[in-house]
Number of protein chains: 2
Amino acid sequence: MQLNKKVNGTSWTSSREKEEGTEQKIIAAARGIFQRKGMAGARMEEIAKAAGINKALLHYYFRSKEKLFEVIMSEAKMQMLSRLHPILGGDDSLFIKIEKFVESYISFVTENPLLPGFILHEITMNPEKISEQLIKKGGRPNLSKFFQQVESEIKKKNIIAIQPEQLFMNMLSMCVFPFVGRPMLQTVLNVNDKKFNQLLADRKKEIPKFIINAIKR
Amino acid sequence: MQLNKKVNGTSWTSSREKEEGTEQKIIAAARGIFQRKGMAGARMEEIAKAAGINKALLHYYFRSKEKLFEVIMSEAKMQMLSRLHPILGGDDSLFIKIEKFVESYISFVTENPLLPGFILHEITMNPEKISEQLIKKGGRPNLSKFFQQVESEIKKKNIIAIQPEQLFMNMLSMCVFPFVGRPMLQTVLNVNDKKFNQLLADRKKEIPKFIINAIKR
DNA sequence: TGCACTATTAACCATTTGGTTAAACAATGC
DNA sequence: GCATTGTTTAACCAAATGGTTAATAGTGCA
């Protein structure tokens, strides 16, 4: 029994496939269950079963619940944050950036609707730990270019005065919150799944329009 | 041993105080721990300790973890939703309503910063159950008056065309999300507690300005 | 074929955890 | 005072849970 599953030079087809297959099956299962139930609510047994394996094998691949959780969480944070950089750090004009960002973020979250709630909950449970990793891993997302752009547009009187942080918060809030708060919102608004999905889809265009209206001079 | 702790006619000072005291201490402790750790993460032992009592006594007052949780959760939902009615159902003009609502909601959440995350998480864990109670208890919040007002202002060309649901989502998102996502936002924005609190306070004025700008013709 | 190594499992273990019991301790009514 | 009723506790219990062990099966290679 040992955990070093490095792929050595040997061509080693069937075994390798099986092994990677198992590891991937575990990760997929863990992702689903951790996202749905959170660290505290997830059960190793359940993850094993969902992966079609035995609890012992789960521990064979990932020593502990915490280790497994960290794999899932770090993957999740990476996905969530890696969307910020490329668009907000790019060379587009402010308005285009806003449009692209909202479109991209909502598309992504639509594909991974449980992700934001999962991350936000776990980060709240354990701020220090998870936040510090957040910085180490991908490096803190760099919003400075976006911020400068905002300030510059304010100076040029193209948009009204607004703190860049507030603008960013508004944008992110409107993109992410409807997913985190979906069950509550759907109840309060009294709309069915189909209608709510339509509302979410509409937001790709609605939010940028809303934001730009709000800040344009 | 029995759970009927109704206050009978008898004047019954010391005993009554003690009793209510204990019950309240339990609720306060449970509130704190459930909000911080969630249903799955909370431990009865810990709640008992935080209330300065014994686990058995905890079960004496509230039969089970689930029962205790329900007390806390129903209180939480009530607090969260009861803010919607009075303002959005009132007679103010649309813009005033928006101003009042944002001001009131942010003030409230500032006093109870863990509440939204707690509710949203638990409701996500268990949508059917918690949503149906949500409706029964206080009755579904009535947004129809607010929605009619929006439609009416659109017809009168006072504001641009926007689905009332989208407007409501935007408003609620901007109010609540910064609290739910605080640890993440603070890391990403790289601001200390004081600065973040200031940003939050500013939002009481910033959000209404932002929204009204966005929709005003 | 047999050796070395990995993958997988069933059975097991220690701890945690929600919940219970029986007894001690007030406080009150009579 | 003493029986009654409500409050509080220490000790206990069974189930759940994260984790381990030892044995088994599978695979490449000499």
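Convention: sequence-line order gives letters A, B, ...; per-chain numbering from 1.
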Below 3.5 Å between N/O atoms, which protein atoms pair up with nucleotides 16-20 of chain C? Just atom names and distances, please.
from: dT17(C); atom 1: OP1; to: R43(B); atom 2: NE; distance (Å): 2.6
from: dG18(C); atom 1: OP1; to: A42(B); atom 2: O; distance (Å): 3.4
from: dG18(C); atom 1: OP1; to: R43(B); atom 2: NH1; distance (Å): 3.1
from: dG18(C); atom 1: OP1; to: K65(B); atom 2: NZ; distance (Å): 3.2
from: dG18(C); atom 1: OP2; to: M44(B); atom 2: N; distance (Å): 3.0
from: dG18(C); atom 1: N7; to: K55(B); atom 2: NZ; distance (Å): 3.0
from: dG18(C); atom 1: O6; to: K55(B); atom 2: NZ; distance (Å): 3.4
from: dG19(C); atom 1: OP2; to: H59(B); atom 2: NE2; distance (Å): 3.2
from: dG19(C); atom 1: OP2; to: K65(B); atom 2: N; distance (Å): 2.6
from: dG19(C); atom 1: N7; to: K55(B); atom 2: NZ; distance (Å): 3.1
from: dG19(C); atom 1: O6; to: K55(B); atom 2: NZ; distance (Å): 2.5

Interatomic distance, K49(A) NZ vs dT17(D) C1' [rounded to whole Å] = 14 Å

ask   = Donor-acceptor pair, Q79(B) side chain versus F108(B) backbone, under 3.5 Å?
value = no

remark   = Winner on side-chain proximity to Y60(A), out of dT6(C), dT9(D), dT9(C), is dT6(C)

key: F69(A) to F34(A) - nearest heavy-atom pair and separation   = CA-CE1, 3.7 Å

Which atom pairs, donor and acceptor, lie under 3.5 Å between side-chain atoms of residues 195-202 of chain A and protein residues at least two apart or in another chain?
from: N197(A); atom 1: OD1; to: R182(A); atom 2: NH1; distance (Å): 2.9
from: N197(A); atom 1: OD1; to: R182(A); atom 2: NH2; distance (Å): 3.1
from: N197(A); atom 1: ND2; to: D193(A); atom 2: O; distance (Å): 3.3
from: Q198(A); atom 1: NE2; to: D202(A); atom 2: OD1; distance (Å): 2.8
from: D202(A); atom 1: OD2; to: Q163(B); atom 2: NE2; distance (Å): 3.4

remark   = On a heavy-atom basis, the closest approach of N112(B) and P116(B) is O-CD, 3.5 Å

request  = Begin from the C-alpha positions of F62(B) and E23(B) and carry the test side chain to side chain contact (heavy atoms under 4.5 Å, CB included) through to its verdict.
outcome  = CA-CA 9 Å; F62(B) 302 87; E23(B) 190 164 328; 4.1 Å; yes

key: Nearest-Å distance for atom pair CG/P, residues L58(A) and dA10(C)   = 14 Å

ask   = How long is the line joining CG of L57(A) and P of dT24(D), in whole Å?
value = 18 Å

request  = Calculate the interatomic distance between E46(A) atom CD and dA16(D) atom C1'; express it in whole Å.
outcome  = 13 Å

query = Between E206(A) and R203(A), is there a side-chain N and carboxylate O pair less than 4.0 Å apart?
reply = no

